[in-house]
Amino acid sequence: MAKPIMIANWKMNKTAKEAHKFTAEFIKIVKDVEGVDIVICPAFTAMQATADGLQDTNIKLGSQNMHFEEQGAFTGEVSPKMAAEFCHFVILGHSERRRIFGETNEFINKKVKAALENSLIPILCVGEDEEEREAKNTKNVLEHQLKACLKGVAKDDAHKLVIAYEPIWAIGSGKIATIAQIDEAQSFINHVLDTMFGEEIEKKIRTVYGGSVTHENVAELMKKDSVDGCLVGHDSLNAKDFAAIVKYKDILAKEEESEEKKE
Ligand code: PGA
């Protein structure tokens with residue numbers, strides 16, 4: 001299994017001051033955690049404060065978005081190079097960007113390639129909405145999004161990718177997908193990646209789940225081989241809650257202990 005990765009997507013939350021407070025509390029709890037990559041994606045205005053707060057830790061920063069152009073007249077945008085000054089990762093194709101800001105697969109594809117050219121690791125979000133799921137269209141939607149957003153990505157780069165399966169109906173709704181739905185979708189994503197890049201590379205690409213993940217349901221999710229980590233919105237805003245998610249192995253160990261006691 002690829003190294004697990006837990007990603008906090010703070011969305012449009014937290015000022016610089018609040019970010020600093022979070023990092024101080026968070027690193028105290030997770031300082032000894034090993035074997036999990038941790039990524040925090042703050043708003044750009046809180047990027048420096050978050051970077052300062054995470055200094056001398058292995059916790060990485062991610063950007064919530066970026067433009068694909070190198071520089072120029074794009075009011076309000078941030079270039080890949082600017083994002084790369086702080087970040088190792090960049091979330092691309094989040095459903096909120098697709099729906100509220102009209103980003104298309106073609107547009108996202110340009111961003112994916114620009115990110116890779118600037119040594120940023122794309123966390124590419126894909127997922128179906130409620131209507132598409134009900135019409136049994138989930139697989140078609142996922143395949144189309146993956147193929148269109150990853151068009152032209154070289155095999156040499158593909159292994160670095162993180163793919164986030166985020167069913168739109170499960171985001172911010174408190175309505176998490178069932179483990180069977182998640183496993184089916186993520187296994188299908190792996191199958192598509194296999195046809196695009198070959199099995200060896202597919203095994204290296206991390207596939208994470210996002211949509212109403214909490215410290216209470218994370219352990220169940222992480223039991224599935226197809227799930228290499230989580231992309232967390234709401235439950236990542238509180239340092240204790242996100243730390244508990246990062247430390248999901250502790251929850252699994254406790255479960256095992258109580259099972260043994262029962263026997
Ligand atoms: P949520 O958001 O955890 O609040 O559902 C997840 C996401 O949008 O990435």
Side-chain angles (χ1 to χ4, degrees), residues 4-14 18-19 22 26 36-44 46 50 59-66 83 87-103 108 111-112 115 120-130 132-133 138 141-142 145-146 149 161-179 181-182 185-186 189 206-222 224 227-248 251:
I5 181 167
M6 293 299 179
I7 308 155
N9 176 12
W10 284 351
K11 309 191 179 183
M12 200 170 71
N13 295 290
K14 288 200 196 295
E18 287 163 347
F22 175 105
F26 183 67
V36 184
D37 284 339
I38 309 171
V39 183
I40 297 184
C41 307
F44 287 116
T50 313
I59 303 165
K60 302 273 191 294
L61 284 176
S63 170
Q64 294 177 20
N65 182 34
M66 58 162 223
C87 301
H88 281 79
F89 293 83
V90 56
I91 299 174
L92 295 174
H94 191 281
S95 59
E96 285 151 18
R97 300 282 335 157
R98 292 177 190 260
R99 318 199 109 206
I100 309 170
F101 302 99
E103 291 195 13
I108 297 160
K111 294 187 179 200
V112 168
L120 285 161
I121 300 175
I123 300 165
L124 172 68
C125 303
V126 294
E128 80 287 1
D129 64 21
E130 197 150 28
E132 289 161 343
R133 173 157 286 271
T138 300
V141 171
L142 294 178
Q145 287 179 342
L146 285 168
C149 295
L161 296 167
V162 177
I163 308 295
Y165 170 56
E166 296 215 314
I168 295 166
W169 46 274
I171 295 176
S173 62
K175 200 167 116 187
I176 189 172
T178 65
I179 300 290
Q181 284 170 330
I182 296 168
Q186 310 233 146
I189 288 172
R206 290 184 283 189
T207 318
V208 304
Y209 169 77
S212 298
V213 174
T214 69
H215 56 291
E216 280 160 3
N217 59 31
V218 65
E220 243 2 81
L221 285 167
M222 293 305 292
K224 282 282 163 201
V227 182
D228 297 317
C230 299
L231 176 53
V232 191
H234 186 264
D235 223 42
S236 74
L237 294 173
N238 176 293
K240 279 200 190 82
D241 291 344
F242 189 54
I245 289 176
V246 166
K247 294 175 85 168
Y248 71 93
I251 309 173

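Both ligands and their constituent atoms are indexed starting at 1 by order of listing.
Among protein heavy atoms, the minimum distance from atom 9 (O) of ligand 1 is reached at E166 OE2, 2.8 Å. For atom 4 (O) of ligand 1, the closest non-hydrogen atom of the protein is H234 N, 2.9 Å. Of the protein's heavy atoms, K11 NZ, 3.3 Å lies nearest to atom 2 (O) of ligand 1.
Atom numbering of ligand 1 starts at 1 in the shown order; those under 4.0 Å from a heavy atom of G172 are 1 (P), 4 (O), 5 (O). Atoms of ligand 1 lying under 4.0 Å from at least one heavy atom of H94, given by number and element, are 7 (C), 8 (O), 9 (O). Atoms of ligand 1 lying under 4.0 Å from any heavy atom of L231, numbered from 1 in the order shown and given with element: 9 (O).
We find that R98 and E166 are not joined by a salt bridge, their nearest charged nitrogen and carboxylate oxygen being 4.0 Å or further apart.
Between the CD atom in E96 and the CD1 atom in I171 there is a gap of 6.0 Å [rounded to 0.5 Å]. The distance from the OG atom of S236 to the CG atom of N13 is 8.0 Å, given to the nearest 0.5 Å.
Proximity of G211 to ligand 1 is established by a heavy-atom distance of less than 4.0 Å. Taking a 4.0 Å cut-off on heavy atoms, N9 registers as neighbouring ligand 1.
For G233, a nitrogen or oxygen atom sits less than 3.5 Å from a nitrogen or oxygen atom of ligand 1, counting backbone and side chain alike.
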